[in-house]
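Written below as structure tokens is the structure these notes are about.
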Amino acid sequence: HCKRILFHPSHRGSPISQIVLNKLIFSRPLFFIMSLPNNISFHPNTFLLVGIPGMEAIHTWISIPFCLIYLTALLGNFSILFIIRTDSNLHEPMYFFLCMLSVADLILSTTAMPKILSIFWFHDREIYFEACLVQVFLIHSLCSMASGFILAMAFDRHVAICNPLRHSIILTHRVIQNVGLAIIFRGVILFCPQPFMLWWLPYCRTNVIPHTYCEFMALIKLACAETRICRTYSLTAAFLTGGLDFILILCSYVVILYTVFHLPSKAARLKTLGTCGSHVCVILVAYTPAFFSFLTHRFGHHVAPHIHIFVANIYVLVPPMVNPMIYGIRTKRIRERYLQVLTSHKF
């Protein structure tokens, strides 16, 4: 009877059909959606991205540091790729993994930043539904890949310090290539179901997203159906990437510290720990805002929305800018090569 009301030509689009639609979606969403005709769509053609809620009046001013961060990230990561590519002395496992991290950072920042700047500068808040799903997939999968590359760099430090004589035997070019492909494959496999989950959800509340970019949990909150399975899958995927990577990184550094503190001299201990300094800084920059954003999304119900959105933007934009700086400043070989390139061009 409800279907006759809903799909009858005289009732289609009327208030009573909308009431029946919402009633059926909330009562039996999965059965109802699967039994509907193929030409019925429950998602809007476009979403509206608000930006940073509560700070719309100063979006233009906020765009200035955001733009500078993006340009710095582009310059820094392209410089890292160019220096490592042209200097054969830097063709080592740590720097290969750093190149992979730079590529992931470049794509990640480029996926989010142009749309954010268009919101701030031109008030271009519309984003097509399909483009929004692509952005969700790219941001989450690339964050997973970046976390995996940081874990691979931790493994390189572990082998270099705990088993230095076999470092070149264990981390061959083939192994490095396979590790990189495995990290990419993991990110794609774990997060490719998310766009399909979002595609099949009905959105009958609003099409306004209080965010600067499309994010999985932000879209889940707009759905008017049971989303427990989607939320559980999101938590599981987050744990199997960032959470598990962080635990493995901690374990590797526990073993590294154990090995370092058993070295005979203080000078040897300090020198060995110095080789891990850049990587530790990258870990802090990557995981601190990530965990804060993750926790506030799920447990920080009293955190102001603009604070959460601001931290979420830091999580996506700041690591791509800071990572090249950390390795450029703290790594002597990269710093010398960079200065050499600048000096030769100046001459």
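Note that the structure is a prediction, hence the values are computed from the model and not measured.
In terms of hydrophobic clustering, with Ile, Leu, Val, Met, Phe, Trp and Tyr side chains grouped at heavy-atom distances under 4.5 Å, Leu219 and Phe196 are assigned to different clusters. Criterion: ILVMFWY side-chain heavy atoms under 4.5 Å apart, direct or through other members. Under it, Val136 and Leu240 are part of a common hydrophobic cluster. In this structure, Ile80 is a member of the same hydrophobic cluster as Phe78, with clusters built from ILVMFWY side-chain heavy atoms closer than 4.5 Å.
Within the 4.5 Å cutoff, the side chain of Thr236 has heavy atoms near those of the Thr232 side chain. Using a 4.5 Å heavy-atom threshold, the side chains of Leu98 and Asn323 count as separate. Residues Leu74 and Leu106 form a side-chain contact, since some pair of their non-hydrogen atoms from C-beta on lies under 4.5 Å apart. Taking 4.5 Å as the limit, some side-chain heavy atom of Pro53 sits within range of a side-chain heavy atom of Ile309. Here the side chains of Met217 and Ser234 are in contact, with some heavy-atom distance below 4.5 Å. His167 is listed as a side-chain neighbour of Pro93, based on a closest heavy-atom distance under 4.5 Å. Taking 4.5 Å as the limit, some side-chain heavy atom of Leu201 sits within range of a side-chain heavy atom of Ile220. Counting heavy atoms from C-beta outward, Met325 and Met321 have side chains that approach closer than 4.5 Å.
Taking the six-membered ring where the residue is Trp, the centroids of Phe66 and His59 are separated by 6.0 Å or more. Within the 6.0 Å centre-distance limit, the rings of Phe47 and Tyr203 are counted as a close aromatic pair. Aromatic rings of Phe292 and His308 (six-membered ring for Trp) have centroids beyond the 6.0 Å cut-off, not under it. Close placement of the Phe129 and Trp199 rings is indicated, their centers lying within 6.0 Å of each other.
In terms of modelled atom types and a separation under 3.5 Å, the side chain of Arg269 and the main chain of Leu263 share a donor-acceptor contact. Judged by distance alone, with hydrogens and angles left aside, the side-chain atoms of Arg186 form a donor-acceptor pair with the main-chain N or O of Ser144 at under 3.5 Å. Without hydrogens or angle criteria, Asp105 side chain to Ala73 main chain gives no donor-acceptor distance under 3.5 Å. Although no hydrogens or angles enter the test, the distance criterion places no donor-acceptor pair under 3.5 Å between the side chain of Asp87 and the main chain of Ile83. Proximity of a side-chain donor or acceptor of Thr275 to a complementary backbone N or O of Thr272 within less than 3.5 Å is detected. The backbone N or O of Leu138 sits less than 3.5 Å from a side-chain atom of Ser141, completing a donor-acceptor pair. Checking side-chain atoms of Glu56 against main-chain N and O of Gly54 turns up a donor-acceptor pair under 3.5 Å. A donor-acceptor contact shorter than 3.5 Å links the side chain of Gln135 to the backbone of Thr111.
The residues Lys115 and Asp124 are annotated as salt-bridged, a charged nitrogen and a carboxylate oxygen being separated by less than 4.0 angstrom.
Side-chain N/O atoms of Thr110 and Tyr70 include a donor and acceptor closer than 3.5 Å.
Going from atom CE of Met145 over to atom NE2 of His140 covers 13.0 Å, rounded to the nearest 0.5 Å. Summarising the geometry, atom CZ belonging to Phe216 is positioned 12.5 Å from atom NZ belonging to Lys221; distances are rounded to the nearest 0.5 Å. Taken from CG in Asn45 to CD1 in Ile127, the straight-line distance is 13.5 Å, to the nearest 0.5 Å. Rounding to the nearest 0.5 Å places CE of Met153 at 11.0 Å from SG of Cys276. The CG atom of Asn89 sits 12.0 Å away from the CD1 atom of Ile84 when rounded to the nearest 0.5 Å.
Annotation: Glu126, atom CD; neighbour count of heavy atoms from other residues, nucleotides and ligands within 6.0 Å does not exceed 12. In the displayed structure, Arg335 atom CZ is contacted under 6.0 Å by more than 12 heavy atoms of other residues, nucleotides or ligands. For Ile64, the CD1 atom counts as densely surrounded, since its 6.0 Å shell holds more than 12 non-hydrogen atoms of other residues, nucleotides or ligands.
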* Might you work through the side chain to side chain donor-acceptor pair (under 3.5 Å) test for Thr288 and Tyr315, ending with a clear yes or no? => CA-CA 8 Å; Thr288 301; Tyr315 167 52; over 6 Å; no
* Run the side-chain contact (heavy atoms from CB on, under 4.5 Å) check on Trp121 and Cys67 step by step: do they pass? -> CA-CA 11 Å; Trp121 288 343; Cys67 183; 3.9 Å; yes
* To do: Show the numbers, then the answer: is there a side-chain contact (heavy atoms from CB on, under 4.5 Å) between Phe120 and Thr60?
  => CA-CA 6 Å; Phe120 290 166; Thr60 304; over 6 Å; no
* Determine, stepwise, if the pair Asn163 / His158 fulfils side chain to side chain donor-acceptor pair (under 3.5 Å). => CA-CA 8 Å; Asn163 202 349; His158 170 80; over 6 Å; no
* Asked: Between Ile184 and Phe149, is a side-chain contact (heavy atoms from CB on, under 4.5 Å) present by the stated rule, with each step listed?
  -> CA-CA 9 Å; Ile184 295 172; Phe149 295 138; 4.3 Å; yes
* Derivation of the side chain to side chain donor-acceptor pair (under 3.5 Å) call for Thr86 and Arg337 -> CA-CA 10 Å; Thr86 56; Arg337 176 61 177 161; 3.3 Å; yes
* Would you sort out whether Asp156 and Phe96 count as a side-chain contact (heavy atoms from CB on, under 4.5 Å), showing the intermediate values? => CA-CA 11 Å; Asp156 171 79; Phe96 285 137; over 6 Å; no
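Checked against ring pair (Phe, Tyr, Trp, His ring centres under 6.0 Å), Phe246 has the following partners two or more places apart in sequence or in another chain: Tyr287, Phe291.
Nearest approach of Gly328 to Ile334, heavy atoms of both residues: CA-CG2, 4.0 Å. Minimum interatomic distance between Val316 and Ala112 (heavy atoms only, all atoms of both residues): CG1-CB, 4.0 Å. When every heavy atom of Tyr233 is checked against every heavy atom of Leu190, the shortest pair comes out as OH-O, 2.6 Å. Residues Leu49 and Thr212 approach most closely at CD1-O, 3.8 Å, considering heavy atoms. In this structure, Gly274 and Arg330 approach most closely via the heavy-atom pair O-NH2, 4.3 Å. Taking every heavy atom of both residues into account, Ala237 and Thr241 meet most closely at O-OG1, 2.8 Å.
Looking at Phe155, Tyr253, Tyr95 one by one, the single match for ring pair (Phe, Tyr, Trp, His ring centres under 6.0 Å) with His279 turns out to be Tyr253. When the options Ile176, Ile183, Leu181 are evaluated for a side chain to side chain contact (heavy atoms under 4.5 Å, CB included) with Val179, the one that passes is Ile183. Among the candidates Pro195, Cys132, Cys214, the single residue satisfying the side chain to side chain contact (heavy atoms under 4.5 Å, CB included) test with Phe137 is Pro195.
Grouped with Val50 in one hydrophobic cluster are Leu48, Val208, the linkage being side-chain heavy-atom contacts under 4.5 Å among Ile, Leu, Val, Met, Phe, Trp and Tyr residues.
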